[in-house]
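The model shown is predicted, which means the values in this text are computed figures rather than measured ones. In the text below, chain A, chain B and the rest are named by the order of the sequence lines, each starting its count at 1.
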Protein chains: 2
Amino acid sequence: MSWFAVKTRERNLQDGLVHPCNMCAVRDHSVCASLDADEQARVNQIMTQIDMGDGSTIFDEAEPATHVFNITSGGVKVYKLLADGRRAITGFLFPGDFLGLMHRESYAFSAEALSATKLCRFPREKLERLLEEMPKLEHRLLGLASHELAAAQDQMLLLGRKTAKERLASFFLLLSNAARRHGRPDNPIELTMSRGDIADYLGLTIETVSRTVTHLKRDGIIQLLEGNRIQLSRPAKLQELAGLT
Amino acid sequence: MSWFAVKTRERNLQDGLVHPCNMCAVRDHSVCASLDADEQARVNQIMTQIDMGDGSTIFDEAEPATHVFNITSGGVKVYKLLADGRRAITGFLFPGDFLGLMHRESYAFSAEALSATKLCRFPREKLERLLEEMPKLEHRLLGLASHELAAAQDQMLLLGRKTAKERLASFFLLLSNAARRHGRPDNPIELTMSRGDIADYLGLTIETVSRTVTHLKRDGIIQLLEGNRIQLSRPAKLQELAGLT
DNA sequence: CGTAACGTTGAAAAGTTTCAACGGATGTGG
DNA sequence: CCACATCCGTTGAAACTTTTCAACGTTACG
C-alpha cells in the first residue's frame with residue numbers, strides 16, 4: 001500500500017467515510033477490504049466498535065457464539081483450557097486479524113486482550129445473513145480461514161516435533177514476519193505478551209522459555225533490549241534453527 | 001440418513017445420476033451436498049475420480065497446488081516434515097473430508113493414502129471459478145474450514161499440554177467419534193494407521209505409544225482385539241483422561 | 001521357511017519440568 | 001520518601017516423563 005493510499009484512508013477515516021476495519025488492510029486481511037462502498041456501508045450498519053482494557057476477556061470457550069470480531073488495534077490471545085487449568089494458547093492475533101469461527105453455535109476457545117485493544121464487533125447471525133448476499137465477503141473469510149489453517153499446521157509441527165530452542169527461534173521469526181506484514185519494523189521485535197503466554201503458546205514452562213532465551217542470548221543469536229524488545233542478531237541462524245530450511 | 005435414502009443413492013449412483021462425492025454425505029461434509037442437480041452436474045464436469053494405492057503420495061508440500069480433493073473411500077494422512085526428517089501428522093482424513101486448502105498457490109503439507117483410497121479430484125483453478133458463481137459451495141467450504149480449524153486447536157491443546165496417556169485417550173475417542181459420524185460402529189474402533197503414524201500424530205515416539213497402550217490395557221480401560229481393533233472398555237475413564245470434563 | 005517390517009519391552013540417557021530461591025520492577029500506604 | 005508487598009522473570013538442583021538405544025517377538029509376505 002502506497003503512502004498516498006494510507007494518507008487518503010486516514011483522512012477518510014477522520015471524516016467518517018471509511019469503515020474503521022479498513023485500517024487493518026495493511027495485512028490485506030481485514031473483513032471489509034475489496035467491498036464496494038454500498039457493501040461497506042451495510043457491513044458498517046451491523047458493526048459496533050468496542051474497546052477492551054489490558055487483560056480483559058472478550059469471550060470464553062463454550063459461550064454462545066453471538067459475535068465475531070475484527071481487530072483494529074492492540075492484540076489478542078486465543079486459548080483453550082484443560083479441566084485442571086493447564087492452558088494452551090492457540091494463537092496471538094493482531095490488527096487486521098479476524099476473531100471467531102463462522103458456522104458454530106458456541107466459541108471453541110477463549111479470547112483475551114493482550115493490551116488495550118480496539119475491536120469491530122459483528123453480530124454473527126446478522127453477518128451470516130449478510131454473507132448470503134455478499135459472496136465476496138464469504139470468499140474473503142474462506143481465504144482467512146485457509147491462512148489460519150496453514151498457520152495451525154505449522155504450529156502442530158512445532159508443538160509435536162521441535163525442541164525448546166527451535167520453538168523459540170520459530171516464535172521470534174513468526175513475530176518478526178507478522179511485524180513486517182503490518183508495516184512495522186521487523187528486526188528489533190517487541191514482545192507484547194508475558195513469558196507465561198509465550199510458554200503456553202509454545203507448549204513449554206515459563207522456566208524453560210526463560211532458560212532458552214538466555215541460551216540464545218549467550219550464543220549471540222539474539223539480544224535483549226529494554227522495553228521487552230528483542231534484536232535478532234543472526235536471523236539466518238534463527239531460520240536454520242526453526243527448521244524452515 | 002435413512003436406509004431408504006442410502007439405497008436410493010446407491011441406485012442413482014449405479015445409474016450415474018448422482019455425483020459420487022455424495023457418497024460422502026454421511027458426514028454431511030461432502031463438497032457437493034446441498035447443491036441442486038444443475039449445480040452438481042457442473043461440479044461433475046470438472047471432477048475426475050482417482051484411485052490411490054496403500055501408501056501412495058497424493059501430493060507433496062510446496063508443490064504447486066493444482067488440485068483439491070474430496071475423499072470417497074479409504075483414508076488419508078496429512079503431514080509436514082522438518083529438514084532432518086522429523087514428521088508431524090497434522091490430521092487423518094476419511095470419506096467426506098475435503099483435502100487441500102483454497103486460495104493458496106502451493107500445498108502447505110503433504111498427503112498420503114493410508115490404505116486403498118478413492119478420491120474426487122478438482123482442478124483448483126476451475127473450482128475457484130465455479131465458486132464465484134456458486135456461493136453455496138463456498139459457504140460449505142467455509143463451514144468445513146471452520147470445523148478443521150476447531151479440530152486443529154484441539155490438537156494444539158493436546159500437543160502442547162497433554163501427557164502421553166491423555167493423548168492416547170483423546171486419540172481413541174477422536175477415532176470413535178469419527179466412526180460414529182460416518183455411521184460405523186464406534187466402540188470397537190479400528191486403527192487403520194500404523195504405530196508410527198499415531199506417534200507422529202500425537203507428538204510422541206513409537207515406543208511411548210506402545211508402552212502407553214499397554215498401560216491403558218493393564219488398567220482395563222481398553223482391550224486389544226485382533227485386526228488392529230480396540231475395545232473401549234471404560235469410555236467414561238477415557239473421557240476423563242482426555243480432559244474434556 | 002526366511003526375511004523384512006512392525007510392534008513390544010527393558011535400561012540408560014536426555015530434555016524438560018518441578019520445586020525453590022533470588023533479583024528487579026512496580027505500586028501502595030504509612 | 002521509604003518500607004513493604006506483589007508480580008514477573010531468572011537461575012539452580014532434583015525429579016520426572018519421554019526419548020534413545022538395544023534386543024526380542026510377531027506378523028505379513030515372497
Side-chain angles (χ1 to χ4, degrees), chain A residues 53-55 77 82 84-89 114-115 158-172 190-219 222-230 241 243, chain B residues 53-55 77 82 84-89 112 114-116 158-172 190-219 222-230 241 243:
Chain A
D54 186 338
K77 60 186 170 197
L82 288 174
D84 61 3
R86 278 173 291 172
R87 184 180 68 158
I89 292 185
L114 278 173
S115 54
L158 180 149
L159 293 168
R161 288 296 177 229
K162 289 188 186 178
T163 65
K165 206 170 191 174
E166 292 167 341
R167 293 182 200 204
L168 264 300
S170 304
F171 181 62
F172 292 145
E190 194 185 341
L191 302 183
T192 53
M193 64 294 289
S194 70
R195 289 293 191 273
D197 287 342
I198 297 174
D200 284 344
Y201 182 64
L202 298 179
L204 301 168
T205 58
I206 292 178
E207 295 93 330
T208 302
V209 168
S210 183
R211 274 187 255 272
T212 307
V213 167
T214 303
H215 291 156
L216 291 172
K217 193 173 59 178
R218 283 206 194 121
D219 296 347
I222 60 171
Q223 262 177 287
L224 295 179
L225 310 179
E226 41 90 302
N228 250 324
R229 293 180 311 134
I230 294 195
L241 280 173
Chain B
D54 187 337
K77 60 186 170 196
L82 289 174
D84 61 3
R86 280 173 290 173
R87 183 181 69 157
I89 291 185
E112 197 179 310
L114 279 173
S115 55
L158 180 148
L159 293 169
R161 288 298 177 229
K162 291 188 185 176
T163 64
K165 206 172 193 174
E166 291 167 341
R167 293 182 200 202
L168 264 300
S170 304
F171 180 62
F172 292 147
E190 195 186 340
L191 302 183
T192 53
M193 65 293 291
S194 71
R195 290 291 191 275
D197 287 343
I198 298 174
D200 283 344
Y201 182 64
L202 298 179
L204 301 168
T205 58
I206 293 177
E207 294 93 329
T208 301
V209 168
S210 183
R211 275 187 254 272
T212 306
V213 167
T214 304
H215 291 155
L216 291 172
K217 193 173 59 179
R218 285 208 193 118
D219 296 348
I222 60 171
Q223 263 177 284
L224 294 180
L225 311 178
E226 39 92 292
N228 250 323
R229 292 180 312 134
I230 293 195
L241 280 174

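Rounded to the nearest 0.5 angstrom, B/Arg195 CZ and B/Leu202 CG are separated by 11.5 Å. The CG atom of A/Asn228 sits 9.5 Å away from the CE atom of A/Met193 when rounded to the nearest 0.5 Å. Taking CZ of A/Arg86 as the start and CG of A/Leu82 as the end, the distance is 5.0 Å to the nearest 0.5 Å.
Atom CZ in B/Arg229 sits about 16 Å away from atom P in D/dT27, given to the nearest Å. Whole-Å rounding puts the A/Arg195 CZ to C/dG24 C1' distance at 13 Å. Rounded to whole Å, atom C1' of D/dG9 lies 14 Å from atom CG of A/Leu168. Atom CD of A/Glu226 and atom C1' of C/dA25 are 14 Å apart (whole Å). Rounded to an integer number of Å, the gap from B/Ile198 CD1 to C/dC6 P is 13 Å. At whole-Å resolution of the value, CG in B/Asn228 and P in C/dG7 are 7 Å apart. Distance A/Met193 CE to D/dG9 P: 12 Å, rounded to the nearest Å. Note: NE2 (A/His215) to P (C/dT16) measures 10 Å, nearest angstrom.
The two atoms that bring A/Asp197 and A/Ile89 nearest to each other are O-CD1, 3.5 Å, heavy atoms only. For the pair A/Gly203 and A/Arg167, the tightest heavy-atom approach, listed with the atom from each and the gap, is O-NH1, 3.6 Å.
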* Mark up nucleotides 11-21 of chain D, 5' to 3', with B wherever a protein heavy atom is under 4.0 angstrom from a base atom, S wherever such an atom reaches only the sugar-phosphate, and - elsewhere. => BBB----SBBB
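Considering only heavy atoms from C-beta on, B/Val213 comes within 4.5 Å of B/Phe172 through its side chain.
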